[in-house]
Amino acid sequence: MTSRSYLDFNATAPTRPEVIDAVAEAMREGGNASSVHADGRAARARVEKARQHVADLVGAEAAGVIFTGSGTEANNQALRSDKIERIIVSVIEHESVLQARADAVICPVTPEGLVDLDALSQLLGESDASTMVSIMLANNETGIIQPVAEAARLSHDAGALFHCDAVQAAGKIPVDMKALGVDSLALSAHKIGGPQGVGALICSDPSTMPRFVHGGGQESGLRAGTENVPGIVGYGVAAESALAGLEYFGALAALRDDLEERVLAIEPTAQIFGKELDRLPNTSKFATKGLTSDVQVMGLDLDGASISAGSACSAGRVETPYVLAAMGVPDELGLCAVRISLGWTTTAKDIDGFIAGWQKLHDRKLARN
Ligand code: PLP
C-alpha cells in the first residue's frame with residue numbers, strides 16, 4: 001500500500017505503527033483480563049488504561065466505556081434494547097443503525113444533507129424514555145456534521161433518549177460527549193488507525209444500558225466474552241494518538257480544499273456535496289455528470305489511488321448511494337459520485353497523483369463525447 005495513494009480513510013484507516021507495536025506486545029504478554037493471577041491483573045491494567053484513552057477521546061468517563069466487537073455492534077447494543085419500543089433514526093445513518101430494527105421511524109434530511117430538525121420535532125411529538133432517537137455526528141459519505149446537540153436537546157425535551165453514532169467523527173474533529181448532551185455514543189477503532197474488529201459503546205449512565213451479548217460478566221456484565229485485550233490495547237493507543245493529532249487532522253482541510261479547487265478547475269460543473277457546510281476536514285464527495293463512479297474508482301485504482309464510490313458496505317451497488325438519494329440528488333449525478341477521504345499518511349503528492357489520474361479520466365470522457 002505504501003507506493004499507492006490511499007485516499008479511503010473513511011472506509012478504514014491504515015493501522016498506525018505505534019498501534020501495531022502495542023498490539024504485538026499485548027499478544028506476546030497474553031493474559032485473560034478476568035483472571036485473578038498476576039498475568040490476568042496485568043492484562044486488566046492494560047485494558048483499563050485503554051478505556052481511559054478512549055474515554056478521553058470523547059470527553060467521557062472511563063466507567064461509561066463498554067468495549068464491543070465493532071462500531072456496528074455498539075450501535076446495535078444501544079438500539080436493540082428491550083426497553084426501547086420506538087426508534088427514530090435519520091435516513092442518512094449507517095446501515096448498522098438503519099438495519100438495527102425493522103420498525104425504525106425514518107427522519108428525513110434537507111437537500112443540503114442536514115437532519116431536518118422540524119421533521120424530528122414532529123416525529124417526536126410527546127415521547128417518553130421508551131423512544132430513542134439515533135443521529136450520527138458526521139456522515140460517512142459526505143462528511144457533513146449533523147446538528148447533534150440540538151437534536152439531542154429536542155429529543156430530551158420530548159422525553160426521549162438519544163444515541164449518537166460518532167464512528168466517523170471521533171478522532172477527526174473534537175468530540176465532547178457532555179457538550180453534545182447524548183445518552184450514548186458508538187465508536188470504532190479502525191477508523192482512527194486502531195485494529196479492525198474493536199469498537200466502543202459509551203454511556204452517560206451504563207446502569208441503564210442492557211447487556212447485548214450474553215454469557216460471562218465481562219465489561220461490567222454489559223458485553224459478555226473474553227475481552228480482546230490486544231485489540232483493546234491497540235484501540236487505546238490509536239485513541240491517544242488521534243487525540244494528540246486532532247490539530248494536524250484539522251489541517252488536512254487545506255489539502256482537501258486544494259483537491260476540490262483543482263477538480264473544479266478541470267471540470268467547473270463538478271458538484272461538491274456539503275462544500276458550504278461544516279464537514280469533516282478529510283472528506284470530499286463530488287460528482288461529475290457522465291463520469292460514472294465505477295469508471296473513476298477502477299481507473300484511479302489502476303493508476304495507483306484508492307478511492308471509493310461510497311461507503312465500503314454498499315460498494316458494488318449500481319444505484320445512487322442512499323445518502324445522496326435522500327438529499328434528492330438525481331441518478332445522473334448520484335451514479336457519478338466518488339468519495340475521497342484523507343488521513344495522516346496523505347501528502348500533497350497524493351493529491352497531485354489523484355488529480356493527474358482524474359484529469360486522464362476526464363479527458364477520456366471528453367474524447368468520447
Ligand atoms: N457508523 C458509521 C458512520 C460508519 O462509517 C461505520 C463504518 O463504516 C460504522 C458505523 C460501523 O463501524 P464498524 O466497521 O466498526 O462496524
Side-chain angles (χ1 to χ4, degrees), residues 6-15 19 54 57-58 65-80 87 89-101 104 107 109 113-115 133-146 148 151 163-173 175 180 182 184-202 212-213 223 228 231-232 234-236 238-239 242 274 279-280 282-285 306-317 321-324 326 339-343:
Y6 186 76
L7 297 170
D8 202 11
F9 273 70
N10 288 10
T12 197
T15 314
V19 168
V54 171
L57 182 64
V58 292
V65 177
I66 306 167
F67 284 116
T68 63
S70 60
T72 296
E73 187 190 313
N75 280 328
N76 271 258
Q77 179 157 8
L79 298 171
R80 290 174 62 100
I87 65 166
V89 309
S90 89
V91 63
I92 57 166
E93 294 301 305
H94 184 262
E95 299 275 9
S96 57
V97 169
L98 286 172
Q99 304 292 332
R101 280 172 73 144
C107 180
V109 292
L114 289 168
V115 170
V133 174
S134 183
I135 292 175
M136 65 198 338
L137 188 47
N139 183 260
N140 39 308
E141 303 236 353
T142 59
I144 294 173
I145 296 167
Q146 299 298 319
V148 164
H163 172 70
C164 175
D165 175 350
V167 163
Q168 289 291 347
K172 294 179 180 164
I173 53 170
V175 176
L180 289 174
V182 303
S184 52
L185 209 58
L187 306 180
S188 176
H190 73 100
K191 304 292 185 185
I192 60 167
Q196 295 176 342
V198 189
L201 176 62
I202 323 257
F212 183 58
V213 178
R223 202 275 184 179
N228 171 4
I232 290 170
Y235 189 8
R279 277 186 293 167
L280 292 177
N282 75 321
T283 306
S284 178
K285 178 96 175 172
S306 299
I307 65 161
S308 81
S311 75
C313 322
S314 57
R317 283 189 201 159
Y322 68 88
V323 170
L324 295 186
R339 179 186 71 188
I340 319 296
S341 47
L342 323 182

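Note that this is a predicted model, so its numbers are computed, not measured. Numbering of ligands and ligand atoms starts at 1, following listing order.
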Can you pull out every side-chain hydrogen bond (donor to acceptor under 3.5 Å, both in side chains) where at least one residue sits in residues 184-196? Sequence neighbours excluded, please. Thr12-His190, Thr12-Gln196, His163-Ser184
Under 4.0 Å to a heavy atom of Asn140 - the qualifying atoms of ligand 1, by number: 3 (C), 5 (O)
From Asp165 CG over to Asn75 CG, what is the distance, rounded to the nearest 0.5 angstrom? 4.0 Å
Euclidean distance, Gln99 CD relative to Asn76 CG, rounded to 0.5 Å: 10.0 Å
Looking only at heavy atoms of Gly199, does any of them come nearer than 4.0 Å to an atom of ligand 1? no
Quick check on contacts: which atoms of ligand 1 are under 4.0 angstrom from a heavy atom of Met136? 3 (C)
Once you round to the nearest 0.5 Å, how far does CD1 of Ile340 lie from CD1 of Ile307? 4.0 Å
Select one of side chain, backbone, both or neither to describe which atoms of Asp165 lie under 4.0 Å from any atom of ligand 1, heavy atoms only. side chain
Distance-only polar pair, side chains of Ser90 and Glu93, donor-acceptor under 3.5 Å: yes
Specify side chain, backbone, both or neither for Glu93, according to which of its non-hydrogen atoms lie closer than 4.0 Å to ligand 1. neither
Please work out whether any backbone atom (N, CA, C, O) or any side-chain heavy atom from C-beta onward of Ser70 is under 4.0 Å from ligand 1, and answer side chain, backbone, both or neither. both
Gly71 to ligand 1: N or O pair under 3.5 Å? yes
Ligand 1 atoms in contact with Gln168 (distance to a heavy atom under 4.0 Å): 3 (C), 4 (C), 5 (O)
For Ser96, the atoms of ligand 1 under 4.0 Å from one of its heavy atoms are 10 (C)
What are the two closest non-hydrogen atoms of Val19 and Gly193, and how far apart are they? CG2-O, 3.4 Å
Please check whether Lys191 reaches ligand 1 - meaning an N/O of the residue sits under 3.5 Å from an N/O of the ligand, judged on distance alone. yes
Ligand 1 atoms in contact with Val167 (distance to a heavy atom under 4.0 Å): 1 (N), 2 (C), 4 (C), 6 (C), 9 (C), 10 (C)
Residues passing the side chain to side chain donor-acceptor pair (under 3.5 Å) test with Asn10, sequence neighbours excluded, are Lys172, Asn282, Thr283
Judging by distance only, is a nitrogen or oxygen of His190 under 3.5 angstrom from one on ligand 1? yes
CG of Leu114 to CD of Gln146: how many Å apart, nearest 0.5 Å? 5.5 Å
